[in-house]
Trainee: 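Below is the structure I would like to discuss, written out as structure tokens.
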Amino acid sequence: MKLTVLVHSAPYSSQAAYSAYRFSASALAAGHEIYRLFFYYDGVHNSSLLSTQAQDEFDLIAAWRTLIESHQIDAISCVSSALKRGILDAQEAARYEKPASNLAEQFTLSGLGQLVDASIESDRVVSFGG
Amino acid sequence: MSTLHTINKTSTHSALSSCLKVARNGDSILLIEDGVYASSQLCQSPLEGVALYALHEDLLARGLDASTLSGTIKTVDYNGFVDLVCQHQRCVSWS
Amino acid sequence: MSTNTAKTITFITRSTPYGHGQAKACLDMVLSAAVFEQKINFIFMDDGVWQLKKGQAPSHIDAKDLSAAFTALPLYEVNDLYVNANDLQERGLNCEELVVPVHSVQANTIAELIRESDVVFTL
């Protein structure tokens, strides 16, 4: 099946983003396709390259990056949510004259239209957050 | 056209009560994250025609013993979660 | 996007308008879906009904007026707004105190709307 996963919570603030990761990994292992991972609202924090974990803690962001890369998943962080929360790619950093960018390369900044498109194109949409 | 409802909050939160208001015959409810703390309450007042599940990993993490749950609530692992999503027409997450 | 292939997307909003950002985030999702000409149901449950209360003046806390955006929803052809009647009543509100006309419905109607939906978002 073609699945889309929506994540709207930050990593570590709640378990939701981790659950989304485990669900996505299981879906892929079972042979399903992830049409799109969409990170919205506080979920955009999952795409920060600068997030740094203690060595003895599960590194969710590293796990996302590996999963996205190994399965070539279309992973999008909502651009308006991301900019507000200080998650910028090089292009946005240049546009707003910010000194740095921090969007992990496995993610793309794009608009909510990508979530609506995913809702139309996918067989199922599963949301994680709160 | 059945619905999978997921709940990730304890029973003191409106997530559970709101879900219970709109879950209907043929639907399933899957308790995940802190939602698994509501397992026993949900067992005591099952909804007619609504299948109940709790995520195994989240039960274990919280020291909740799946074997003490009554037969009305089944445990599933993440693979089972994926299967439930596929078996229902849509998924509603209550948080 | 042809309307023949339009999906029914239901949004359930359950958060207060200003204490958290979810209400605004949900509204933004609704507006985006409207641009794609999908069939949209917008349902207010639990504390989400506070979003509809008349007389909001969020400029006092330097916030944008969410309720003003609701009055613009018909321009996006989002006309199917529903509120859970019990949740309204529990908070001492009635339909006359709301910024826009909404269908005040029982949980049974919300259950039916969910059943008729292809996708449901809750925020």
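A, B, ... follow the sequence lines: proteins, then strands. Residue 1 opens every chain. Computation of the quantities below employed the complete heavy-atom set of this structure, encompassing side-chain atoms and omitting hydrogens, waters and symmetry-equivalent molecules.
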Trainee: Under a 4.5 Å heavy-atom cut-off, does chain A meet the side chain of B/D77, its backbone, both or neither?
Mentor: neither

Trainee: Between B/V85 and A/M1, is there a side-chain heavy-atom distance shorter than 4.5 Å?
Mentor: no

Trainee: Which of the residues B/D58, B/D83, B/L55 is involved in the greatest number of heavy-atom pairs with chain A at under 4.5 angstrom?
Mentor: B/D58

Trainee: Which region of A/R22, side chain (C-beta onward) or backbone (N, CA, C, O), has a non-hydrogen atom less than 4.5 Å from a non-hydrogen atom of chain B, or is it both or neither?
Mentor: both

Trainee: Please check if the number of heavy atoms outside B/H56 that lie under 6.0 Å from its NE2 is greater than 12.
Mentor: no

Trainee: At their closest point, which heavy atom of A/R124 faces which heavy atom of B/C86, and how far apart are they?
Mentor: NH2-O, 3.1 Å

Trainee: Can you name the nearest heavy-atom pair linking B/K9 to A/G130, along with the distance?
Mentor: NZ-C, 3.0 Å

Trainee: What is the minimum heavy-atom distance between A/S26 and B/Y78, and which atoms define it?
Mentor: OG-CB, 3.2 Å

Trainee: Got a second to check how far B/I32's CD1 is from A/F128's CZ, nearest 0.5 Å?
Mentor: 5.5 Å

Trainee: Using the side-chain contact (heavy atoms from CB on, under 4.5 Å) criterion, which residues pair with B/D34? Sequence neighbours excluded.
Mentor: B/T10, B/Y37, B/R62

Trainee: Between A/A16 and chain B, which part of the residue has a heavy atom less than 4.5 Å away: side chain, backbone, both or neither?
Mentor: both

Trainee: Atom OG in A/S127, atom CH2 in B/W94: separation rounded to 0.5 Å?
Mentor: 12.0 Å

Trainee: Examine whether an atom of B/N79 lies under 4.5 Å from a heavy atom of chain A, and if so say whether it belongs to the side chain, the backbone or both; otherwise answer neither.
Mentor: both

Trainee: More than 12 heavy atoms of other residues, nucleotides or ligands under 6.0 Å from NZ of A/K98: is that the case?
Mentor: no

Trainee: Counting C-beta onward and ignoring hydrogens, is there a side-chain heavy-atom pair between B/V82 and A/H32 closer than 4.5 Å?
Mentor: yes

Trainee: If we define contacts as heavy-atom pairs under 4.5 Å, which of A/S14, A/A29, A/A25, A/G129 has the most with chain B?
Mentor: A/G129

